[in-house]
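Working notes, beginning with the structure itself.
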Protein chains: 2
Amino acid sequence: MEQMHVIQSLAALAQPIRLDAFRALVVAGQAGLTPGRMAGTLGVPANTLSFHLKELAHAGLVTQERVSRNIVYRANFEQVNALLGYLTENCCAGAPCAVNPCAVNPPDTACAC
Amino acid sequence: MEQMHVIQSLAALAQPIRLDAFRALVVAGQAGLTPGRMAGTLGVPANTLSFHLKELAHAGLVTQERVSRNIVYRANFEQVNALLGYLTENCCAGAPCAVNPCAVNPPDTACAC
DNA sequence: CCATTGATTCCAGAATAATGGAACTATGGT
DNA sequence: ACCATAGTTCCATTATTCTGGAATCAATGG
């Protein structure tokens, strides 16, 4: 995952409406949610929500699938995991440290915690 | 960790200079780095870097300690872990899912993965 | 106490992001 | 073909963030 893409993902999540929407999708899991539903529960105008969902989709954090009249949005968990891993890559130059001992990082990164 | 603070942390990381600086601090670990060093390696004017470091500090992602003429910045790992946990809280409403099986979440959150 | 080095603050211009009204597209029902 | 519903795109306004020159503050050495 390269720098630019990470920035884009972080920026996508760094906005109240988008963070709420994303977290709702995380909770919804495989079932996903439609914009209509989200607009209702989050109390956001449809066009504004659409704008923000596009940001999330563009960052690859959510996927869209049309189902008849509706469009179902789902959180993209792989993308989130990749993002989390990036932040602690090579932490402490390999020395034992305070980062989550259960290793967000894949084994090939230098972090030994 | 509340919503507003999470937004602030994500926004702090969603900027190229700040993400570079933060990752450098993550790698540096307990030793930390001074603004002077970072300005050199990152190729950023001192005042601009200072502005960005303040953003990171304000979000609680880094700490500062004065050591004689220098100020040593260090990454705050606890804060990062809290941030990562927030993103996948209650994922999939408790159903088994694709989120990191090694559980970024503390045990009391519903995610069973 | 003055000079030097390391770092921050002040400021104003430039760039980027967020908002919501109105118009548009797509699907399905009658 | 027509209408209703679900979502998206367009656009202009507003608000926020980024940048770097100049001035300032803090600590040390002569």
Side-chain angles (χ1 to χ4, degrees), chain A residues 3-25 28 31-76, chain B residues 3-25 28 31-76:
Chain A
Q3 159 96 309
M4 217 182 65
H5 191 196
V6 172
I7 296 285
Q8 192 177 24
S9 300
L10 289 168
L13 292 172
Q15 207 281 344
I17 294 175
R18 291 198 293 261
L19 186 54
D20 281 347
F22 180 76
R23 296 227 310 149
L25 291 175
L33 288 171
T34 62
R37 260 187 172 290
M38 287 191 261
T41 47
L42 302 181
V44 175
N47 58 349
T48 298
L49 180 62
S50 190
F51 166 80
H52 289 300
L53 287 174
K54 195 170 68 170
E55 295 287 300
L56 288 170
H58 196 234
L61 287 164
V62 304
T63 61
Q64 328 170 256
E65 183 197 0
R66 182 170 272 278
V67 176
S68 142
R69 261 181 195 164
N70 299 300
I71 295 182
V72 175
Y73 281 82
R74 295 189 184 88
N76 181 359
Chain B
Q3 160 95 310
M4 217 182 64
H5 192 195
V6 172
I7 296 285
Q8 192 178 24
S9 300
L10 289 168
L13 292 171
Q15 207 280 343
I17 294 175
R18 290 197 293 260
L19 186 55
D20 280 347
F22 180 76
R23 297 228 309 149
L25 290 175
L33 288 171
T34 63
R37 260 188 173 291
M38 286 190 261
T41 47
L42 303 180
V44 175
N47 58 351
T48 299
L49 180 61
S50 191
F51 167 81
H52 289 300
L53 287 174
K54 194 170 70 171
E55 294 288 301
L56 288 171
H58 196 235
L61 288 164
V62 303
T63 61
Q64 327 170 258
E65 181 197 0
R66 183 172 271 276
V67 175
S68 141
R69 262 180 194 159
N70 299 299
I71 294 181
V72 176
Y73 281 82
R74 294 190 184 86
N76 181 359

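The figures here come from the full heavy-atom set of this structure, side chains too, leaving out hydrogens, waters and symmetry mates. In what follows, chains are A, B, ... by sequence order, proteins preceding strands, each numbered from 1. Owing to the predicted nature of the structure, the values given are computational and were not obtained by experimental measurement.
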Next item on the list: Mind calculating the distance between CZ (B/F51) and C1' (C/dC10) to the nearest angstrom?
Entry: 12 Å
Notebook entry, point to check: With no angle test and no hydrogens, is the base of D/dG7 tied to the side chain of A/N47 by a donor-acceptor pair under 3.5 Å?
Noted result: no
Checklist line | Nearest to side-chain heavy atoms of B/A46, which nucleotide of C/dT8, C/dA18, D/dT9 | finding: C/dT8
Check: Considering heavy-atom distances to DNA chain C, does A/P45 or B/L53 have its closest nucleotide positioned more toward the 5' end?
Finding: B/L53
Margin query: Is there a side-chain contact between B/Q3 and A/D20 in this structure, where contact means two heavy atoms from C-beta onward sitting under 4.5 Å apart?
Written below: yes
Check: Are A/T48 and C/dA18 close enough that a side-chain N or O sits under 4.0 Å from OP1 or OP2?
Finding: no
Check: Where the side chain of B/H52 is concerned, which of D/dC18, D/dT8, D/dG20 is the nearest nucleotide?
Finding: D/dC18
Notebook entry, point to check: Mind checking whether B/H52 and B/T48 have side chains closer than 4.5 Å, heavy atoms only?
Noted result: yes
Checklist line | Atom pair distance, as rounded to whole Å: CD1 in B/I7 and P in D/dT17 | finding: 12 Å
Notebook entry, point to check: Mind checking whether A/L53 and A/M38 have side chains closer than 4.5 Å, heavy atoms only?
Noted result: yes
Margin query: Expressed as a whole number of angstroms, how long is the span from B/Q8:CD to D/dT17:P?
Written below: 10 Å
Item checked: Protein-nucleotide distance (A/Q64, atom CD; D/dA6, atom P), rounded to Å -> 18 Å
Check: How long is the line joining NE2 of A/H58 and P of D/dT9, in whole Å?
Finding: 12 Å
Next item on the list: Report which part of the nucleic acid A/L49 touches: base, sugar-phosphate, or nothing (heavy-atom distance under 4.0 Å, all strands).
Entry: nothing
Notebook entry, point to check: Taking the side chain of A/Q15 as heavy atoms from C-beta outward, which of C/dT8, C/dA7, C/dT19 is closest to it?
Noted result: C/dT19
Check: On a plain distance test, is the side chain of A/N70 in donor-acceptor contact with the base of D/dG7 below 3.5 Å?
Finding: no
Next item on the list: Using whole Å, report how far CG of B/L56 lies from P of C/dA7.
Entry: 16 Å
Notebook entry, point to check: Of the nucleotides D/dC18, D/dG7, D/dT9, which one has an atom closest to the side chain of A/K54?
Noted result: D/dT9
Next item on the list: Send over the distance from B/E55 CD to C/dT8 P, rounded to a whole Å.
Entry: 13 Å
Next item on the list: Ignoring the backbone of B/I71, work out which of C/dG20, C/dA18, C/dT8 is nearest its side chain.
Entry: C/dT8
Next item on the list: Mind checking the CG-CE spacing from B/L19 to A/M4? Nearest 0.5 Å is all I need.
Entry: 13.0 Å
Checklist line | Whole angstrom value for the distance that separates C1' of D/dA6 from CE of A/M38 | finding: 13 Å
Next item on the list: Could you tell me whether the side chain of B/R74 and the main chain of B/A28 form a donor-acceptor pair under 3.5 Å?
Entry: no
Note to self: Does D/dA6 have its OP1 or OP2 closer than 4.0 Å to a side-chain nitrogen or oxygen of A/Y73?
What the structure shows: no
Check: Can you tell me how far OG of B/S9 sits from CG of A/L10, rounded to the nearest 0.5 angstrom?
Finding: 10.5 Å
Notebook entry, point to check: What is the nucleic acid contact for A/R37, judged by heavy atoms within less than 4.0 Å: base, sugar-phosphate only, or nothing?
Noted result: nothing
Item checked: Minimum-distance nucleotide (side-chain atoms of A/R69 versus C/dA18, D/dA4, D/dG20) -> D/dA4
Notebook entry, point to check: Across the strands shown, which category fits A/S50 at heavy-atom distances under 4.0 angstrom: base, sugar-phosphate, nothing?
Noted result: base
